[in-house]
Amino acid sequence: MAAVPWVALILSFVATIHNHIGLVEASADIGVCYGMLGDDLPAATEVVNLYKTNGIGKMRLFDPNPAALEALRGKEIDVSLGIRNEDLPQLAGSVDAVNSWFATNVEPYLNDIVFNYISVGNEVIPGSLGIYVLPVMQSLQKILDDRNLAGIKVSTVVPGSALGVSFPPSSGEFTLEASSVMSGIVAFLAQRGSPLLINVYPYFAYASDPVNIRLDYAQFTTTSPVVKDGELSYYNLFDAAVDSFLAAMEKVGGANVDVVVSESGWPSDGNGNFTTPELAGTYNRNFLKHITSNVGTPKRPGAYIEGYIFAMFNENQKPEGVEQHFGLFHPNMQPVYPALSNQKVMAVLHWVALILSFVAASHNRIGLVEASIDIGVCYGMLGNDLPSPTQVVNLYKTYGIGKMRLFDPNPEALQALRGSQIDVSIGIRNEDLPSLAVSQDAVNSWFAPRRALP
């Protein structure tokens, strides 16, 4: 029976940390782009496992890489699959070529992979390849319709340069060149209920004009509006950019078309003080929080806007400079900075589990006795008129409450609990996680004074 309270304590500890942090579920609803322009990247199977380990539930593939698709079978990671830009002319000129592309790159995986989107080209509008996008989209849509694959949406990815006007957001408008093809594409999307995929990078706007664009506005950290656009107030540049795209689509007949942010991120190096791990981490954590909170934008409050962080790895075959430093991870799969807070949590859990295992083996007891009643009550202390911990513990005993959750290791509460036969779930303060995650000694020090309960 001694093992039972040990297991209960560990499970309570895990639940306490995960409930406090609240980013496990959030991470599952965020996507990360899997770029492959590097000669030192891990194997696709290792990459997929890294997505799973970090709770990343969506992946954007820029092209149908066979090794990646094989590794994704049965992994329950939703996939946005791209068509290579260079393939567009051939596909646009032949329905049979599109059928062949689908039969090779999608159909074999339909039973094992959930495809959310097929994106026809990446940032080819405006540009010479833009004219090929709509014909390929139409051919793909017919294939999906014939197979009753309504869950797969066909779209294309457009960059910020497709906008000729982006300020104020309500004046958003496509460039003349982009409008010539976007009007037909937006009409297609509106008819099919598909979103437009947009790449949004506040970093580039800030780095190109730091005098007029504030860092806090680019990083989601303002506490008051920076831009007023009629009755709408903008606290961050990301929302302003998204709403500029929405306004541009309205002007070509797409008032009801949604957007998916297919790329957003901040480089951690390559441009001096504009690109540090701290800035990159701040942006991506705030981007993740903004996307998963479903707050929408000022133009569409409360709207669900799907988002993908760019990118999973630093890629050494991209152009030198910032382009090589957008990764969340180094090629050795170590984090460049703690963007997904789950990393810190898992590091602390790992070390504490090792300590608990060692103590259990050494002492073969825990000193927490089975309680008389299987109910617990959380003991919060954010009040200036609360009774003393000794009185609180006596109150628990009086009412037969056999379990207590402490949000942090309050010394007075722990002293009052000695010999009380109340089971305890003890929490680690959120603000302590960064120091604990990087130091085994720090976790040892945190644990040592608290293991002596009789």
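Not less than 6.0 angstrom separates the ring centroid of Phe287 from the ring centroid of Phe310. The ring of Phe274 has its center closer than 6.0 angstrom to the ring center of Tyr206. With ring centers used as reference points, Phe238 lies under 6.0 Å from His290.
Once rounded to the nearest 0.5 Å, the distance linking OG1 of Thr297 with CG of Leu246 reads 6.0 Å. Asp441 CG to Ser435 OG: the interatomic distance, rounded to the nearest 0.5 Å, is 12.0 Å. Put simply, CG on Asn284 and CD1 on Ile309 are 4.5 Å apart, with the number rounded to the nearest 0.5 Å. Ile118 CD1 to Thr156 OG1: the interatomic distance, rounded to the nearest 0.5 Å, is 12.5 Å. Taking OG of Ser244 as the start and CD of Glu173 as the end, the distance is 11.5 Å to the nearest 0.5 Å.
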Intermediate values then yes/no, side-chain contact (heavy atoms from CB on, under 4.5 Å), Val79 and Val114: CA-CA 6 Å; Val79 175; Val114 174; over 6 Å; no

Could you walk me through whether Val154 and Leu144 satisfy the side-chain contact (heavy atoms from CB on, under 4.5 Å) test, starting with their C-alpha distance in whole Å, then the side-chain angles of each, then the deciding distance to 0.1 Å, before giving a yes or no? CA-CA 9 Å; Val154 178; Leu144 297 175; 3.4 Å; yes

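Between the side chain of Ser264 and the main chain of Tyr201, no donor-acceptor pair closer than 3.5 Å is present. Judged by distance alone, with hydrogens and angles left aside, the side-chain atoms of Glu70 form no donor-acceptor pair with the main-chain N or O of Ala67 at under 3.5 Å. In this structure a side-chain-to-backbone donor-acceptor pair under 3.5 Å is present from Gln219 to Leu279. The backbone N or O of Ala43 lies less than 3.5 Å from a partner atom in the side chain of Glu46, making a donor-acceptor pair. A donor-acceptor pair under 3.5 Å is absent between the side-chain atoms of Asp432 and the main chain of Ile428, judged by distance alone. With hydrogens and angles disregarded, no donor-acceptor distance shorter than 3.5 Å links the side chain of Thr175 to the backbone of Gly164. With hydrogens and angles ignored, the 3.5 Å screen pairs a side-chain donor or acceptor of Arg285 with a backbone N or O of Pro338. Formation of a donor-acceptor pair under 3.5 Å by the Lys397 side chain with backbone atoms of Ser420 is found in this model. A donor-acceptor distance shorter than 3.5 angstrom exists from the side chain of Lys251 to the backbone of Gly172, with no hydrogens or angles considered. Between the side chain of Ser155 and the backbone N or O of Pro195, at least one donor-acceptor pair lies under 3.5 Å.
Between Tyr304 and the choices Asp258, Asp29, Asn294, the side-chain hydrogen bond (donor to acceptor under 3.5 Å, both in side chains) rule is met once, by Asp29. When Gln324, Lys318, Glu323 are each tested for a side-chain contact (heavy atoms from CB on, under 4.5 Å) with Glu320, only one passes: Gln324. When Asp229, Thr222, Asp243 are each tested for a side-chain hydrogen bond (donor to acceptor under 3.5 Å, both in side chains) with Tyr234, only one passes: Asp243.
Here the closest non-hydrogen pair linking Pro64 and Leu81 is CA-CD1, 3.6 Å. Here the closest heavy-atom approach between residue Val242 and residue Val259 is recorded as CG1-CG2, 3.8 Å. The two atoms that bring Leu197 and Ser80 nearest to each other are CD2-OG, 4.3 Å, heavy atoms only. Here the shortest heavy-atom pairing between Tyr396 and Val377 reads OH-O, 2.8 Å. Between Gly380 and Leu386, the shortest heavy-atom contact is O-CD1, 3.7 Å. Heavy atoms only, all atoms of each residue included: Arg214 and Asp216 are closest at NH2-OD2, 2.8 Å.
In this structure, Phe204 and Phe326 have tilted ring planes: the angle between them lies in the 30° to 60° band. Note: Tyr51 and Tyr34 have tilted aromatic rings, judged against thresholds of 30 and 60 degrees for the angle between ring planes.
With 3.5 Å as the limit, one finds a donor-acceptor pair spanning the side chains of Asn122 and Arg60. At a cut-off of 3.5 Å, with distance as the only test, a side-chain donor of Asn271 or Tyr203 sits close to an acceptor on the other residue. Looking at Glu278 and Tyr283, their side chains never bring a donor and an acceptor atom within 3.5 Å of each other. For the residue pair Asn199 / Tyr308, no side-chain donor-acceptor distance below 3.5 Å is found, with atom types taken as modelled.
Counting heavy atoms of neighbouring residues, nucleotides and ligands inside a 6.0 Å radius, atom CG of Asn332 exceeds 12 of them. Within a 6.0 Å radius of CG in Asn256, no more than 12 heavy atoms belonging to other residues, nucleotides or ligands are found. Counting heavy atoms of neighbouring residues, nucleotides and ligands inside a 6.0 Å radius, atom CD of Glu76 does not exceed 12 of them.
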